[in-house]
Amino acid sequence: MTSQSPNDTTPTEDYKNAWSSIQNLVVNEGASWSGREPNRVFLNLGNKQFADVSAISTADYIGDGRSVATLDWDQDGRLDLLLKSRTAPRVRLLRNMTPQAGNFMRLDLRGVTSNRDAIGATVFLEVDGRKLRGTVRAGEGYLAQSSKQLHFGLGTAETINQITVRWPDGTTQNWKDVPANVHWRLEQGAEPTLNPIIPQAVPANAAVADLIADTQTPGRIALTERIPMAPVLLPAFDNPTRRVADLRGTPVLVNLWGTTCAACLKEMNSFAKNAKKIEKVGLKIVTLNTDGEEKHEAAKKMLESFGLLEHAGYADASFMAILEIVLGEVVGQYKGTPLPTSLLLDPNGNLVAIYQGKVPIKMVIRDAGMSKTLDPKNPSLSQMSFGTRLVSRQRNFASMASLFEGLGFDALRAYYSDLVNPAGPAPR
């Protein structure tokens, strides 16, 4: 596509239509840019042959992979992999847990008469009759930059017969009989200094996470940026015109359930058993029954037995249509809404987290507590993901407004159209 791009950068109608079709296929129809091709990992056998070890490497994810970089994250002498994908999770760190790692040599080069980062410097190692070579690069592969430290695997060799550094300006330096398993800092024209190898305590001692299949739906989705939902209807059994705005002041868990859903009933039982903890954090649980109107009376009796009738209501066709647009903005194209599904709203009526399936009560209470401490002036929800967001992710409120317009929700169209303006929606 790039090689065929015209000199005139003004997009034609055909170009616009092509990109719109691609976006529709990827976002709404579950298509993939790369056809869901798993990552491949090849093991160098040392005899000009390679073995495909993708399956046992655990790196053969079906996500839309883009870049890979190598680094020794935990400073244990085993190179780890950093994977970048277009699809979530965007970044994965794969720690090398090989039980019997060989010896190694690590070099950190600094240029003096050459460029400071020593880009272009080449190092040659002679080890037990073998010759190894490494070059300091400013980038490798597609949009990737591995660690500029040069790492050499030495196998069982305990001594390096000779190290030769050829600097970018053509000068060279040599050292003989260097012990293995050391980290040298080499400054051009000077003798090497020893950098102590200090494993990072947290990564080195952290438990290995359980592997989760790519097909498994995540139970908790923490939003990157809040979605205001004040005017959205939450029909109550005794107040069909109730809106999210009517519940402002405390965190709210909107819980979708059905009378024949066993997981839903178990979740409600958990809510009932932990009622005091829920009340302590100020969380208001609003259950919305997804069954038809003919089952509302039976639903009320069940909710009363769990002590959840006070704020309860029902999810009609209008609410489910609204929910589809909201969830579409968060997760893109998806196949229906499983039961139970819960939405966590902060005290200002903003959606901050989504739970699919039975959610652990401790998680809900923790998240509800965090929602009360969020800065209302900062749309980022990095706190909900236990990190710091470096790049802002802007919500596509214009698209949501257009979708609401198409369904005839004029009030919601106007509300989300106002959100496109940085000044925010007009007071209502």
Side-chain angles (χ1 to χ4, degrees), residues 41-50 59 65-84 91 93-96 98 101-200 203-204 390:
V41 179
F42 296 95
L43 176 66
N44 188 346
L45 300 179
N47 56 357
K48 298 182 180 181
Q49 292 183 322
F50 293 82
R66 282 295 190 262
S67 306
V68 60
T70 59
L71 73 164
D72 189 356
W73 176 267
D74 46 10
Q75 299 289 299
D76 65 352
R78 296 173 288 190
L79 284 180
D80 308 302
L81 295 179
L82 191 63
L83 303 184
K84 170 70 173 66
V91 179
L93 174 66
L94 302 185
R95 289 181 61 203
N96 187 339
T98 306
N103 296 322
F104 69 96
M105 179 69 183
R106 185 182 304 130
L107 301 173
D108 189 358
L109 276 61
R110 292 290 183 271
V112 177
T113 57
S114 302
N115 66 86
R116 182 180 182 279
D117 288 334
I119 303 300
T122 301
V123 177
F124 302 88
L125 267 61
E126 295 182 16
V127 183
D128 291 346
R130 294 180 296 142
K131 292 185 178 181
L132 308 177
R133 183 175 73 175
T135 301
V136 182
R137 298 186 177 92
E140 51 191 359
Y142 176 71
L143 298 178
Q145 167 65 64
S146 295
S147 171
K148 291 199 298 292
Q149 294 179 350
L150 294 182
H151 183 104
F152 297 90
L154 306 179
T156 59
E158 298 181 353
T159 302
I160 303 164
N161 304 113
Q162 180 169 298
I163 297 178
T164 301
V165 179
R166 186 175 64 203
W167 297 95
D169 62 4
T171 59
T172 61
Q173 289 178 271
N174 296 277
W175 295 270
K176 294 182 180 293
D177 299 327
V178 180
N181 300 324
V182 295
H183 181 184
W184 267 10
R185 185 179 189 276
L186 294 178
E187 186 169 300
Q188 186 177 10
E191 287 301 308
T193 57
L194 189 65
N195 278 355
I197 298 175
I198 304 175
Q200 297 184 34
L390 301 179

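Computation of the quantities below employed the complete heavy-atom set of this structure, encompassing side-chain atoms and omitting hydrogens, waters and symmetry-equivalent molecules.
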In this structure, are over 12 heavy atoms from other groups packed under 6.0 Å from K84 atom NZ?
-> yes
How many angstroms lie between atom NZ of K176 and atom CD1 of I163, to the nearest 0.5 angstrom?
-> 11.0 Å
To the nearest 0.5 Å, how far apart are CG in L94 and CG in L83?
-> 4.5 Å
If only atom types and distance count, is the side chain of D117 paired as donor or acceptor with the main-chain N or O of I119 below 3.5 Å?
-> no
What's the shortest heavy-atom distance between A144 and S67, and which atoms?
-> CB-CB, 4.0 Å
Just how far is it from atom CZ of R185 to atom CG of L107, taken to the nearest 0.5 Å?
-> 12.5 Å
D108 and R110 ion-paired at < 4.0 Å = yes
Side-chain heavy-atom pair Q149, D72 within 4.5 angstrom cut-off = no
So which of T70, L71, N96 actually passes side-chain contact (heavy atoms from CB on, under 4.5 Å) with L81?
-> T70
Do other residues, nucleotides or ligands put more than 12 heavy atoms under 6.0 Å from the CZ atom of R116?
-> no
Closest heavy-atom contact between L132 and G153?
-> CD1-O, 3.8 Å
Non-hydrogen atoms of P192 and W175 that approach each other most closely | CD-NE1, 3.2 Å
Mind checking whether L43 and L45 have side chains closer than 4.5 Å, heavy atoms only?
-> yes
Indicate yes or no: at least one non-hydrogen side-chain atom of L194 is less than 4.5 angstrom from one of W184.
-> yes
Test item: N181 side-chain N/O and F104 main-chain N/O as donor-acceptor pair under 3.5 Å = yes
Side-chain contact test, heavy atoms from C-beta onward, threshold under 4.5 Å: evaluate it for I160 versus F152 and give yes or no.
-> no
Distance, nearest 0.5 Å, that separates CG of L150 from OG1 of T135 = 7.5 Å
Does the Q173 side chain pair with the main chain of G189, one donor and one acceptor, at a distance under 3.5 Å?
-> yes
So, the side chain of N161 versus the backbone of D128: is there a donor-acceptor pair under 3.5 Å, distance only?
-> yes
Determine, stepwise, if the pair L109 / V123 fulfils side-chain contact (heavy atoms from CB on, under 4.5 Å).
-> CA-CA 10 Å; L109 276 61; V123 177; 3.9 Å; yes
When you measure from the side chain of Q188 to the backbone N and O of W167, does any donor-acceptor pair fall under 3.5 Å?
-> no
Inter-residue atom distance F124.CZ - Q162.CD, 0.5 Å rounding = 11.0 Å
Is there a donor-acceptor pair closer than 3.5 Å between any side-chain N or O of R78 and the backbone N or O of T98?
-> yes
Is there a donor-acceptor pair closer than 3.5 Å between any side-chain N or O of N103 and the backbone N or O of A157?
-> yes
Between Q145 and A69, which heavy-atom pair has the shortest distance, and what is it?
-> O-CB, 3.8 Å
Evaluate whether atom CD of E126 has more than 12 neighbouring non-hydrogen atoms of other residues, nucleotides or ligands under 6.0 angstrom away.
-> yes
To the nearest 0.5 Å, atom OG1 of T159 lies from atom CE of M105 at 11.5 Å
Mind listing the closest non-hydrogen atom pair of P168 and S114 along with its distance?
-> CD-OG, 3.5 Å
